[in-house]
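Have a look at the structure below, then the notes.
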Amino acid sequence: MKIISGIQPSGELHIGNYLGAIKNWLKLQADPANECLFFIADYHSITQAYNPKKKSGEILDLAIDLLALGLNPKKSVIFQQSQIPYHTELAWIFNTITPTGELAQMTQFKDKFQVMFDHFDEKHGNEKQFIDSIEDTTAENLTIKVNEQVSDLREKIKKFDNVGLFDYPVLMAADILIYKADAVPVGEDQIQHLELTRNLARRFNTKFGKTFSEPESLLTETPRIMSLTDPTKKMSKSHGEKSYIALKDSPEKIAQKIKSAVSDIGGGKDKGGDNLLSIFKAFSETKSEKSEYEKFKNNHNTGELKYAEFKPRLSELVANNFSEYRKKHAELSKNKKYVKKILAECAEKASVIAEKTLKEVKEKIGLLI
Ligand code: AMP
Ligand code: TRP
């Protein structure tokens with residue numbers, strides 16, 4: 001199978017990224033029958049607010065992360081998206097066969113706007129709290145206050161609003177189809193983007209003749225890890241430092257975060273305990289860890305799980321899993337030249353495939369003279 005996946009360089013990796021996607025990348029890379037391409041989606045990452053002075057450091061750090069986790073340039077092509085111009089060229093062509101209505105339905109796009117509204121709510125509380133916070137509650141004054149808040153939000157939307165964020169899934173489809181990939185290992189939040197990718201492949205084939213096959217998404221057993229502080233939301237960097245476990249977190253920090261994670265009393269009352277248990281299961285490698293998991297799981301089902309016992313064990317398991325990574329990350333950080341060289345060599349390999357597809361596409365749509 002030809003495999004492709006990407007990840008954005010926008011801050012530190014967390015265990016959601018690892019358990020939802022990267023763990024699968026490592027598994028797929030280990031099978032010599034697969035041809036694997038993994039890339040740093042830097043063009044995607046600039047659709048959100050960022051600091052241009054920090055971006056190149058984030059790109060390199062993500063490359064170091066991926067190598068430290070075990071991606072191997074002898075087995076996989078590991079590259080930086082913006083070093084291959086063919087992705088964005090194909091995205092432009094795909095733009096011309098994408099209805100705007102299809103993009104307007106994408107939940108990741110809508111979620112990103114939702115995050116902004118959440119910040120707004122955090123600041124202002126719900127409607128009642130908002131009104132309670134105003135001393136003079138005459139209709140006239142309330143109107144003034146509401147207008148102030150609305151213009152605050154309007155300013156934020158203006159800063160956030162850009163066509164790139166809206167068009168993001170079309171670039172993602174181009175990332176995948178430019179390599180004619182068969183399968184894409186991602187977390188659950190990307191499934192809708194894969195559907196759009198298949199629609200575009202089909203539409204292109206119908207209009208211009210068979211060119212692309214329709215790639216499948218590949219999920220892990222934990223395609224959606226939830227936030228530690230609010231288990232109804234997916235784990236993400238945008239919900240605050242305590243809500244996620246970064247791969248770089250020290251064992252002490254991991255223990256602190258898990259200790260304060262929202263849990264439950266079992267019996268399926270809420271998702272906190274289920275989420276922590278699924279993390280335990282995903283990190284259980286040995287026979288004894290697996291049977292330990294079964295014991296905790298049974299106790300949880302009967303409402304007898306002792307979090308004071310379970311949480312420290314979970315912290316240990318997570319921290320141990322990344323001890324090798326932390327060591328390798330520190331070593332590779334001292335050798336950035338080597339990392340840049342790998343990215344450059346891999347970009348050459350990826351370019352050969354991408355250039356060929358783009359030429360075929362240009363020919364099919366009538367641009368080659
Ligand atoms: P991103 O950081 O958005 O570039 O995501 C990189 C990969 O991690 C994608 O395949 C996502 O689907 C996956 N991912 C991100 N957050 C989670 C999560 N909370 N649970 C599972 N997978 C996730
Ligand atoms: N959209 C993905 C994310 O947010 C990153 C990504 C960009 C990607 N292009 C891709 C993933 C192509 C798989 C294939 O996580």
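Worth saying up front: this structure is predicted, and the values here are computed from it rather than measured. All ligand and atom numbering here is 1-based and tracks the order in the structure. Numbering of residues begins at 1 and proceeds along the displayed sequence.
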Testing the 3.5 Å rule here: is there a donor-acceptor pair between the side chains of His329 and Asp61? yes
Going by distance alone, is a donor N or O of one side chain under 3.5 Å from an acceptor N or O of the other, for Glu12 and Tyr244? yes
Partner of Thr197 by side-chain contact (heavy atoms from CB on, under 4.5 Å), out of Ser217, Pro169, Pro215: Pro215
Backbone, side chain, both or neither: what part of [X] comes under 4.0 angstrom of ligand 2, heavy atoms only?
X: Tyr43; answer: neither
X: Gln8; answer: side chain
X: Ile176; answer: side chain

Considering only heavy atoms from C-beta outward, does the side chain of Phe322 approach that of Ile254 to under 4.5 Å? no
Any idea which part of Met226 is under 4.0 Å from ligand 1, heavy-atom wise: side chain, backbone, both or neither? neither
Side chain, backbone, both or neither: which part of Arg224 comes within less than 4.0 Å of ligand 1 when only heavy atoms are counted? backbone
Can you see whether Tyr293 has Lys297 sitting over its ring - NZ or CZ less than 6.0 Å from the centre and within 45° of the normal? no
Regarding ligand 2, does Tyr168 bring an N or O atom to under 3.5 Å of one of the ligand's N or O atoms? yes
For ligand 2, which atoms sit closer than 4.0 Å to a heavy atom of Val186? 11 (C), 13 (C)
For Val184, the ligand 2 atoms whose distance to one of its heavy atoms is below 4.0 Å: 13 (C), 14 (C)
Name the closest protein heavy atom to [atom], giving the residue it belongs to and the distance to 0.1 Å.
atom: atom 21 (C) of ligand 1; result: Pro223 O, 3.1 Å
atom: atom 5 (O) of ligand 1; result: Asn17 ND2, 3.4 Å
atom: atom 9 (N) of ligand 2; result: Asp175 OD2, 2.7 Å
atom: atom 5 (C) of ligand 2; result: Gly6 O, 3.6 Å

Selected option - heavy-atom contact closest to atom 10 (C) of ligand 2, from Gln190, Met172, His193: Met172
Just how far is it from atom CD of Gln29 to atom NZ of Lys27, taken to the nearest 0.5 Å? 13.5 Å
Pair Lys295 + Glu292: basic N to acidic O under 4.0 Å: no
So Phe310 and His300, ring pair (Phe, Tyr, Trp, His ring centres under 6.0 Å) or not? Walk me through it. CA-CA 10 Å; Phe310 169 69; His300 185 245; 8.2 Å; no
Between Glu188 and ligand 1, does any nitrogen or oxygen pair lie at a separation below 3.5 Å? no
